[in-house]
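Notes to accompany the following structure.
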Amino acid sequence: MANETATQEGWPLRTWVLMALGALFALAIQQLADLPDSGWEWGKRLVASTVLFLGVSGIAFGLSWQRERHVPAAIMAAICGIIAGGVMLWNGTSSGPWPVGSGVVAAGVFVVLFQAADRRHPHLPASWSWAGIKGWKRQALVYSDVHEMVWTDTLLGGLSGIFTGITIAIAFLLAEMFHLVKIDLLRDVLRKEWVMALLVGAAYGGGMGLLRDRAVIISLLQRVAMIVLRVLAPILAVGLVAFLAVLPFTGLAPLWATGETTPIMLGAGLAALFLVNAVIGDKAEDAALSRPLRWGAMALALALLPLVVISAWSTGLRIGQYGFSPDRLWALTFIILATVTAVAYAVAILRRGDWVARLYRSNMHLAFILGGVALVLSTSIIGFDRIATADQIARLNSGKIKPADFDYRGLWFDFGPPGKLAIKRLAKEAKDATVREFAQGVQKAHYRFEDVPSDVARRSGDALDKRLTILPEKVALEPKLRERLTEGDACQEQGACTLRYVPGEDFAVVIREPDPKCAFCEPSVSLLQRGPKGNWGSTTSASDKLDRAAAAVAPAMPAVVSTDKARAMAAKAGKIEMREVKMRQLYIDGKAFEAPIPLENAAEP
C-alpha cells in the first residue's frame, strides 16, 4: 500500500472495482461448486483448482492493488492463485486440508513479500550482477514493512469478513420486515444461491476497498493491538516457566497419557511466538521499553525450545507405537519448523548485543523458509500419504502389528489414493485370509465412522479380555455375546466390566464400572438375553412366528436394572436369580397392545 499510511486520501474507484470483481468471482465459485459430479477425477481436480485459483487470487489482488500498479498486482495475484489452485492438480481432490493449507500459506507469504517490496516502488537493479541483485534485495525488503503487512492483511481480511456478515444480516432483516407486510420478493431472492454469492462477494470486496481507503486507521489499530497484546507476554511467561519448572517433579508420564500433548505444546509455542513479536514490534522505536515486558518476551523466546522438545518426544513415542500416518508426518513437519524457529530465537536471546535486532533478521529468514517449505508441501513431491502407507504395510507384513489391530479404516479413508490402492491389494493378494477378509470388509463401509469387521474383532478380542471379569468362573464366551458386550449399553469400548454368565443360560448380567474421572457416577447393571436366533439383546421378530404374547414378555432391549452401587455389588456377589412371572396382555383386534401387566400389579376387583 504505497504511501497509504501517510495520507487519508481515498480512491473510490478501487472500492467499486473490488466490489464488482468480488461479486463476479464469488458467482463463478458458486456456479463451479454446483456443477454435477461427472465422476471424472481430472474433471473434479480442474473444478476444485479453479475455485481455489479464483478465491486466492481475488483476495490477493484486493489486498495489493495500488494506483498505477495494476499489472504487477494482477501478475502477483495470478501467481498466488496458481500456487493455491495447483494443489488440487498435484494431489487430487482427496488430498485433505493440509496440502491446501500449505498452498494458501505459501501464497500468503508471497503476497506479504510482494507488498513489502512494492511499497517502496523499487526499480530493477541497474546491473544483473550478483552484487546488484543483493543491493536491490536490501532496498526492496525491509523487516518493518514485512511485519506491518502481515498485521495489516490480517486486519483487512478479518474486518472485511465482519463487514460481510453485517451486510448479510441487514439484507435478511429487511427481507423479514417486508415479509411482515406480505411482500416476499426480497425474501425469495435471498433464497437463491447465486444471489447470495453475488451479495457475499460484493460485500467482501467492497468492504476491503473501503477499509484500504482508511489505511491510517488500520495502521493505528495494528499498533493499538500490539500495545494491548504485549501486556500478556509476562503473564504467559510466568505460566510457561512455572509449567516447565514442575515437570521434573510430576514427570512426563501424565503428558503422554492425554494423547493431546503435541498440539497443546505447539499451541503454547505459537502463542509465545505471537506475544514475543507483539513486544518487539516491527522496528526498534516501536519495541517495548518496559523491563517486565522485555523480560517476559525473552522468557517466552527461551521457553520455545523445551516446548518443542516435549512435542518432538511425544510425537516420536506415537510414531514408535503406531508408525507413520499422514497426520503424524504433518505434525513432524510442524515440529521441525518449530525447532528451527526455537533455535533461532534462543540464539538471538543468548548472544550478547541487541537481541531485538537479531530477532528481526531471524524473522525475515524464517519467512522465506516457511514460504519455501509450504510451497513444497503443497505439491505431491514428498507425498505423505505414500510414505505413511508404505510404512503401515511394512509393519503389517513384518508382524509388528496383528491383522485385527491394523488400521484398515485409516488407510481406506485417511491415506488418500495410496491407502485405497493398498487396501485393494491386500483384499486380493494378502497371504493371510484374515487380512483379506478385513480388507474386503472395509471397502464396504460408506462413511468414516461406520463399524468394519476389523473393529468388531479388535474390540471383542484381546482388548475385551484385558478389562472383562467373568463370574462365577472364567469360561469361553459365544462370539455373538463377545460382540454384544462391546456395545454402548453393555461394556462399551473401554473401562472395567464384570459379566455374570453361566454357559447354557439364555441370559447374562453385566456390571459396568463408572468412569474414574466422574466423581458422582455409579456402576450400572444391565440384563442381556439371548434371542431365538442367538442374538443377544435383540428383539424377537415377527418372522420367527412366535406367539405375540411371548414376544411381548421377552425384553426387546437389555433393560437397565439399577445404577445403584449396592445392587451392583450384590450382582457381583452372585445374589441373582431368574424367576418366572405370570403376566396379562391386552389384545385389540387380535394384536398385542402396549406392555404386559404383571399379575401382582393388577387392580383389585
Side-chain angles (χ1 to χ4, degrees), residues 1 4 8 10-34 47-48 50-66 73-74 76-78 80-81 84-85 97 100-101 103-105 107-108 111-112 115 148-179 184-222 224-225:
M1 294 185 297
E4 288 185 350
Q8 294 187 12
W11 187 16
L13 176 62
R14 176 171 55 195
T15 299
W16 290 107
V17 172
L18 291 182
M19 183 183 299
L21 288 177
L24 292 176
F25 276 42
L27 178 62
I29 291 172
Q30 180 269 325
Q31 292 294 314
L32 287 170
D34 282 353
V47 169
T50 306
V51 168
L52 279 173
F53 172 84
L54 292 173
V56 173
S57 63
I59 293 175
F61 184 77
L63 290 172
S64 306
W65 184 30
Q66 302 179 45
M76 180 278 305
C80 290
V100 176
V104 173
V105 168
V111 169
V112 169
Q115 290 173 307
E148 185 174 349
M149 287 301 104
V150 172
W151 277 86
T152 300
D153 290 350
T154 302
L155 288 172
L156 281 173
L159 293 175
S160 298
I162 294 173
F163 178 81
T164 302
I166 295 173
T167 302
I168 295 172
I170 290 175
F172 277 98
L173 176 62
L174 290 173
E176 293 304 315
M177 291 176 66
F178 279 105
H179 173 68
D184 291 336
L185 177 61
L186 183 56
R187 204 182 196 200
D188 295 337
V189 167
L190 289 177
R191 289 174 178 171
K192 300 181 184 297
E193 293 182 358
W194 66 270
V195 173
M196 284 301 301
L198 287 173
L199 179 60
V200 170
Y204 196 87
M208 186 172 290
L210 289 170
L211 290 168
R212 289 197 59 191
D213 280 345
R214 285 130 184 97
V216 173
I217 298 176
I218 298 297
S219 180
L220 180 62
L221 285 175
Q222 168 203 330
V224 171

Euclidean distance, [Y] [atom2] relative to [X] [atom1], rounded to 0.5 Å:
X    : Y    : atom1 : atom2 : value
L155 : S160 : CG    : OG    : 10.0 Å
L186 : L174 : CG    : CG    : 6.5 Å
I29  : L24  : CD1   : CG    : 11.0 Å
L21  : W16  : CG    : CH2   : 13.5 Å
L54  : I59  : CG    : CD1   : 11.0 Å
T164 : L159 : OG1   : CG    : 10.5 Å

Check: Do M149 and V111 have side chains that get closer than 4.5 Å, going by heavy atoms?
Finding: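 No, side chains not in contact.
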Checklist line | Note, V17 side chain near R14 side chain (heavy atom, < 4.5 Å) | finding: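 Answer no - side chains too far apart.
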Notebook entry, point to check: Of all residues at least two apart in sequence or in a different chain, which pass the side chain to side chain donor-acceptor pair (under 3.5 Å) check with R187?
Noted result: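 Counting only residues at least two positions away or on another chain, R187 forms a side chain to side chain donor-acceptor pair (under 3.5 Å) with E176, H179.
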Using a 3.5 Å distance criterion without hydrogens, assess whether the side chain of [X] forms a donor-acceptor pair with backbone atoms of [Y].
X    : Y    : answer
Q115 : D153 : no
S57  : F53  : yes
R212 : L156 : no

Next item on the list: Under the side chain to side chain contact (heavy atoms under 4.5 Å, CB included) rule, what do F178 and L185 come out as? Steps first, then yes or no, please.
Entry: CA-CA 8 Å; F178 279 105; L185 177 61; over 6 Å; no
Margin query: My understanding is that only one of I217, V216, I218, V224 makes a side chain to side chain contact (heavy atoms under 4.5 Å, CB included) with L220; could you say which?
Written below: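 The side chain to side chain contact (heavy atoms under 4.5 Å, CB included) with L220 is passed solely by V224 among I217, V216, I218, V224.
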Which atom of [X] lies closest to which atom of [Y], heavy atoms considered:
X    : Y    : result
A107 : V56  : CB-CG1, 4.0 Å
L190 : M196 : O-CG, 3.2 Å
G85  : L52  : CA-CB, 3.8 Å
A171 : L199 : CB-CD2, 4.0 Å
A26  : A197 : CB-O, 3.1 Å
W151 : A225 : CZ3-CB, 3.8 Å

Item checked: side chain to side chain contact (heavy atoms under 4.5 Å, CB included) evaluation trace for L211 with F163 -> CA-CA 10 Å; L211 290 168; F163 178 81; 5.7 Å; no
Next item on the list: Mind running side chain to side chain contact (heavy atoms under 4.5 Å, CB included) on Y204 and F25 for me, showing each step along the way?
Entry: CA-CA 11 Å; Y204 196 87; F25 276 42; over 6 Å; no
